[in-house]
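Below is one structure, written out as structure tokens, with a few remarks after it.
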Amino acid sequence: MSVRARDALGGRAAIAGIGATDFSKDSGRSELRLAAEAVRAALDDAGLAPGDVDGMVTFTMDTSPEITVAQACGIGELSFFSRIHYGGGAACATVQQAALAVAAGVAEVVVCYRAFNERSGRRFGSGVRHREPSAEGAALGWALPFGLLTPASWVAMAARRYLHAYGLTPEAFGQVAVVDRMYAATNPAAYFHGRPLTLAEHAASRWIVEPLRLLDCCQETDGGQALVVTSVERARDLVGRPAVVAAAAQGAGRGQEQMTSYYRDDLTGLPETDVVARQLWRTSGLTPADIDVAILYDHFTPFVLMQLEEFGFCGKGEAADFVAARTLPLNTHGGQLGEAYLHGMNGIAEAVRQLRGTAANPVRGAEHVLVTAGTGVPTSGLILTADDH
């Protein structure tokens, strides 16, 4: 894919099935079992059998290998398997890789999955405890000795600069938390179902790393999510309405690091998101005005505001007001702050539900949904569209 030209992937593949486990704080089962449950649920949703699958994609961080999940689910021979790096930044790229495989004829049915016990097992929010020496980890060596040990602390640096540059207060971040929890409150699958949030409650939550409060940080979740990708033509013959991959992109900016890109000229934006945005708009032929629903990766609220600005929904420093105005349906499942933290894979599933008209908080007539993956790291994004064939 070129960062300067429209690519040829748009419209070549579709998401035909989605499946998930329950979302909890203590699943009581292995991560492999969670993965298998989610994969089988996604295949059932698509009306496919395990024997139809010939490709699998997951994250480098996932503890359940493709061949092991395939064996657990009764899947046979695989002609394609792939893993994407950079944590939550991989989410939409799993679908991109699957779509590339389908479009190239390397595989016919590809399952993307992510499963973990991120609350009852390894908790990402606890930060770096031990790391083997590597070139990748060298960048963290400039931050860890000074106390920047957790994802919240890494984001807080950019968040502080954002507030300073635009003359804002931490209340700006609260707008995202309130909207996410508003949708979560009416989503039975969400952990915070029935529990909306006010700006006052956000402001009263304890500091984690100033200027981030507890309610600016995504929750921790045990669970699994899977997606089934196949050709548009085959998807049309299956059970549900296909969600067509109109565009898919990955992006890394200049001077990119993992969460600690502090030596860029400006800390108030997300250059990696800009790379993704330009490619999605180019390939899809759409503009921000065409998007009916946005599912933006919300590991931390400040980065949701920056994403809105990078995608051109509003001007720099204006995203908090944009969110408060409720101009664009945002994270209609409750996001990772409200529904569950599944490294963004549950957000892709929500986009499919919106296009099918089966979401808990449906946006009437939704035809185009933007989905993003984790930011602050090399990232990815999708534009999914309804199939009107």
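The chain is numbered in sequence order, starting from 1. Source: prediction; values computed, not measured. Values reported hereafter were calculated over all heavy atoms of this structure, with side chains retained and with hydrogens, waters and symmetry mates removed.
- Residue Asn361 forms a side-chain hydrogen bond (donor to acceptor under 3.5 Å, both in side chains) with just one option from Thr186, Asn331, Thr332, and that option is Thr186.
- Taking the six-membered ring for Trp and the full ring otherwise, the centers of His164 and Tyr162 sit at least 6.0 Å from each other.
- Of all heavy-atom pairs between Val323 and Leu308, the closest is CG2-CD1, 3.4 Å.
- Using a distance-only test at 3.5 Å, with no hydrogens or angles considered, no donor-acceptor pair links the side chain of Asp180 to the main chain of Ala177.
- Ion pairing between a basic and an acidic side chain is recognised when a charged N comes within 4.0 Å of a carboxylate O; Asp265 and Arg254 show no such pairing.
- Checking side-chain atoms of Arg12 against main-chain N and O of Ala103 turns up a donor-acceptor pair under 3.5 Å.
- Within a 6.0 Å sphere centred on CH2 of Trp207, other residues, nucleotides and ligands contribute more than 12 heavy atoms.
- Within 6.0 Å of CG in Leu214 there are more than 12 heavy atoms belonging to other residues, nucleotides or ligands.
- For Leu342 against Phe116, the heavy-atom pair with the smallest separation is CA-CZ, 3.9 Å.
- Between Arg119 atom CZ and Tyr191 atom OH the span is 8.0 Å, to the nearest 0.5 Å.
- Applying the 6.0 Å contact sphere to CD of Glu318 captures more than 12 heavy atoms from other residues, nucleotides or ligands.
- Of all heavy-atom pairs spanning Leu337 and Cys217, the tightest one is CG-O, 4.2 Å.
- Electrostatic pairing of Glu201 and Arg181 does not count as a salt bridge here, judged by no charged N lying under 4.0 Å from a carboxylate O.
- With salt bridges taken as basic N to acidic carboxylate O contacts below 4.0 Å, one links Arg234 and Asp52.
- In this structure, CG on Leu34 lies 10.5 Å from CZ on Phe23, to the nearest 0.5 angstrom.
- Although no hydrogens or angles enter the test, the distance criterion places a donor-acceptor pair under 3.5 Å between the side chain of Gln256 and the main chain of Gly253.
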Candidate pair Leu280 and Phe311, rule side-chain contact (heavy atoms from CB on, under 4.5 Å), full reasoning:
CA-CA 10 Å; Leu280 292 182; Phe311 272 96; 3.9 Å; yes
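- For the pair Gln219 and Glu118, the tightest heavy-atom approach, listed with the atom from each and the gap, is O-OE1, 4.4 Å.
- Remark: side-chain polar atoms of Asn187 are paired, donor with acceptor, to backbone N or O of His333 under 3.5 angstrom.
- Classification of the His299-Tyr297 ring pair by plane angle, with boundaries at 30° and 60°, yields perpendicular.
- Checking side-chain atoms of Thr230 against main-chain N and O of Glu108 turns up a donor-acceptor pair under 3.5 Å.
- Side-chain atoms of Asp45 come within 3.5 Å of backbone N or O of Ile18 as a donor-acceptor pair.
- For residues 362-383, every residue pair satisfying the side-chain hydrogen bond (donor to acceptor under 3.5 Å, both in side chains) rule, not counting sequence neighbours, is listed here: Gln307-Thr372.
- Relative orientation of the Phe313 and Trp281 rings is perpendicular, given thresholds of 30° and 60° on the angle between their planes.
- Salt bridge annotation for Arg40-Asp44: absent, with no cationic side-chain nitrogen under 4.0 angstrom from a carboxylate oxygen.
- A donor-acceptor pair is defined here as one N or O able to donate and one able to accept, closer than 3.5 Å; such a pair exists between the side chain of Ser79 and the backbone of Val106.
- Rounding to the nearest 0.5 Å places CD1 of Ile295 at 11.5 Å from CG of Leu382.
- For Arg213 (side chain) and Ala203 (main-chain N/O), a donor-acceptor pair under 3.5 Å exists by modelled atom type.
- We find the OG1-OH distance between Thr58 and Tyr113 to be 4.5 Å, quoted to the nearest 0.5 Å.
- When the shell of 6.0 Å around CZ of Phe81 is examined, it contains 12 or fewer heavy atoms from other residues, nucleotides or ligands.
- Heavy-atom minimum distance, Asn117 versus Ser30: ND2-C, 4.1 Å.
- Of the inter-residue distances, the one linking Leu384 atom CG with Asp387 atom CG reads 12.0 Å to the nearest 0.5 angstrom.
- There is a side-chain donor-acceptor pair under 3.5 Å between Asp7 and Thr283.
- Contact between Tyr262 and Leu267 at its shortest, heavy atoms only, is CA-CD2, 3.7 Å.
- Distance alone, capped at 3.5 Å, is enough to place a donor-acceptor pair between the Gln336 side chain and the Gly344 backbone.
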